[in-house]
Amino acid sequence: MRPIMRPGQFFWVVVAGLSTLVLLALIAYLEQLKEGLGVTGLNQRVSWGFYISDMVFFIGVSYGGAMTSAILRLTNAPWRAPLSRLAETMAVMSVLVGAVFPLIDMGRPERMIYLFRYGQVGSPVLWDVIAVTTYLTAGAVFLYLPLIPDIAACRDRLGPAAGRVREFLYDRLALGWHGTPAQKHVLEWGTTVVAIVIIPLAVSVHSVLAFLFGVTSRPAWDSTILAPYFVLAAMFSGVATVILVTAAFRWAYHLEAYIEEKHFKYLAYIMMTLGAGYGYFMFAEYLTEGYKMHQGPGSILELLLVGRLAPFMWLFGVGGLIVPILLVALPWTRNVAGISVAALAVVLAMWLKRFLIVVPGLAQPLMPSSVVIYWPSRVEIAITLGAAAAIPLLMMLFFRLFPIISIFEIEEIAATDTTHHEEAAIGAAG
Amino acid sequence: MRMRKLAVIIAALVALTLTLSASGSARAESPVGGRTPALLRGVTLTDQAAGQATVTLSAKLSADDGTPARGEQVVFYELSSVFGERLMTLGSAMTDATGTASLPYEPTWKGQHTVVVRYGGDSEYTPAQTTFRFQSTAPPHVHQNAQFGLATPRKWAPLGAGLAVLGVWGVLGLVLVRTVLGITAAAPATAPATAFWTSRRSFRQVSLGPALLSPLVLALAALTAAALFVGLVLPRTHGSEAGLAAPAAVSDANGVQSDVLAAQVVPTAPSAGTDAQSGRVLAARVVQSIPAFSTDEEGNLTPNSPDLPAAVAVVNDHIFVLDTNHGRVLTVTADGQLARTFESDPDGQTSVAHALAMTTHEGEIYVAAPLFGNIVQLSTAGHVDGVIQPLLPKAALPFQPAGIAVTEQGDIWLSDPGNHRVVLVSGSGVLRATIARATAASGSEGFDTPGGIALDGSGRLWVVDIGNHDIKEYSSQGTFVSAIGHDQLSMPQDVAVDGSGRVFVTDRALREIRVFGSDGAFLGSIGKSDGAAGGPSDSGLQYPSGIEISGDRLFVMDRLSGLFVFQLEAP
């Protein structure tokens, strides 16, 4: 409850820093809105650059957060309790930020309405908007339902000390929660159903996003495994982001008593498994394409593995896959610091990988012509950094209102453990 | 007597030499640095057979004496109108032992294609260019929709996906409503009244009314309705694209509401009346010609080379060329070279990029610029003396003038091809009059894509009506007088009137200048092409656009061949 009532000076310093980045991004976007897309590095060929890479990345990260929480909830993993709130909040804030990028990528955002007025039901663009909207709503519900008991806790424990606005908010959003068995039953039912729904929903969101690329006539995106490839990438980067966010908030909010090293290890094992899976997908794709070396995919592969973009690709392979897996696999680096470094490397590398998927696919000409060079402008860089800052900023502001750790779940799990211990003790005595 | 014959022979030789220089698109101007003048002829080697998509473009490079130039690279371009007229590179080919370079090409549209072939020159040969046209008859297939199988699943897949989305929304709505109601209803009776909208009532007693009024449920309902609309209603309407082509109501200068259609397609096929096209060839000799391009040895345009220049203007015997695709104004120097006079900022208010029309008034140059739909006023030294922004009523398409003429009083006539109108604005841009409705029309009703315009000595206005293949005459007040040339014009572009009232019209499809009397009688042609439409041609005019008359000289700006100056004879 302390972060809600009395955030330290450090909180405001960080909020000011992140807000500055967001403000700079806003100024950069206003410049783009006034001057048009000419202020970006986008061109006739590479019309998707940083912005669409950002969209894929942030929505993917969101998906990873939601999946982590939902799977752990459905499998009833007891260690999930201190992590689920962070993962779910991160999921909602990421998709909120990621969903804005298609609008930013449009030079004339007011024309978004044409997507609905002249929408083509065969177009993945339309379905992508529907899928992301649906997923955002489901994510919000998934965040809200488990939050109800904690809102009631805020209502009961903080009382008028919370201030009139927050008192009113807690009072309304708590829905009269008092933890009765009937209320618990209803809440558990609702949470479980949403957790079940959100998994296929998240898979479909990222699959539709993959179809957005896959059905476009570009050799770089011809892979038949593009959709599962995207889903796996989303999970990989999402779990890494959950680790990173958890480490940051654990350190900043002094949550060491709740979030222990074992939580990082469990998440790191998941991340390592997903990383290995992603590496396998890459190997499968590149082997089949590299063996045949058909004109289109072959030239892309050459560009990525030995061409102009090879340094970036190998940086991803080594820095984003091999090194993080080694950091987790080796016992002497398998600690909070080592795992956090591995997660940071994965997050940065997975953003780079999205960039390497989006840009070369467009830059490579379909007809004999020169390859177009894309280089982001300061406007794109500012907006990307602002978006990256917006997610922790929104989370910090959210946690000024609501508990960062699920009090209810921790108490429930502790109570269950106590009951189990008592039963075991009675059984042993008997 | 002998001396007289000798004089006639010399005069004939001079005329022959000048005529040959007029066909400079195919021939280098003069030997440069000891290099042999190169001659480039373009031909369509293989015509399309029925159902065949590919055509073989071919050009033959030779020395001036006919010796084939082998092992030289030539580049083939096609004149494209996508994003303004420009040359689209088709590819390059090397000449063989016969000096012939060939390139297979698959046209993407039916009809006439204009091909430009350029040779950049080397240490042995001078640069050269030629232009030819061909008709594409085979059905283009690159834009045909592929015929997929699985028609039935493809038809129903969106509906299935839509139902799945609705299912998810339904589940979410159900969960939310049931959880919220359940928690609220299960609150202990002793608890304070802190429920969302009610309290202290059992689950069964909770009315659904307040629940439905909750913002969350309303939002869910709205989104579900939107999904339903998108999934079920739009599929029936989107295919018509009616929204894009639907008439939009706009007002003309007189406030008359009218319907404006999308931009009209300018027909490229010759109009009816081809019999009349075989008119007389008027006597006009070329006294000067400047090629439309110059390249370095690698075939790239030199810094002073224009790129598809569109218009010409004359001020005090100084000739100015509108370098359309570079957004510049060039001047012809005393030695017949082109030099930069004005270079505009491509994105600035004074940009003349892609401008098609230019005229003069009281020693000033007026360029009708399409980027901002304004008029850039220049001195002959290239200084910007003013920018006039016409204040026009809103129209369906942006104002991109294609013709300009300035009256003696300083008012400016401008043609607006996209909106099928001609407007008169004051020197400060205030609208004074509008001719024609904002929709495509014919006869006295209006225009179908007006192009170049000109004023004669008595202030009457002449307007090229491209879509109707004629020239419209209006009084100085803008009252319709007559339409001429309908049976003699195919794709008219610009018009000029000489001191005796003769009307000169450039025609791109016919590749010549058609001349009419002030009464509309067809007098004959200048620069008449020597081949049938679509065939190879070495005639000087390939794509005549801008036209200007100064004294007894006729200036024609050909976008592909260059500037031609004809000496006119008295009628």
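Values below: all heavy atoms of this structure, side chains included; hydrogens, waters and symmetry mates excluded. Within every chain, numbering begins at 1; the chains are lettered A, B, ... in the order of the sequence lines, protein sequences first and strands thereafter.
For A/Leu145, the part lying under 4.5 angstrom from a heavy atom of chain B is the side chain only. Contact of A/Leu187 with chain B is made through backbone and side chain together, with heavy-atom distances under 4.5 Å.
Residue B/Ile183 holds its CD1 atom at 4.0 Å from CD1 of A/Ile148, rounded to the nearest 0.5 Å. Separation of atoms OG1 (A/Thr137) and CG (B/Leu176) is listed at 10.0 Å; rounding is to 0.5 Å.
Within a 6.0 Å sphere centred on CD of B/Gln389, heavy atoms belonging to other residues, nucleotides or ligands number more than 12.
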Could you walk me through whether A/Val193 and B/Leu174 pass side chain to side chain contact (heavy atoms under 4.5 Å, CB included), step by step? CA-CA 10 Å; A/Val193 173; B/Leu174 177 72; over 6 Å; no
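Chain B forms more heavy-atom pairs under 4.5 Å with one residue of A/Ala140, A/Pro181, A/Ala138 than with any other, namely A/Ala138. When B/Ala161, B/Ala164, B/Gly91 are compared by the number of non-hydrogen pairs under 4.5 Å with chain A, B/Ala161 comes out ahead.
A/Thr134 and B/Trp169 share a donor-acceptor pair across their side chains, judged by distance under 3.5 Å alone.
The heavy-atom pair separating A/Trp189 from B/Val175 by the smallest distance is CZ3-CA, 4.0 Å.
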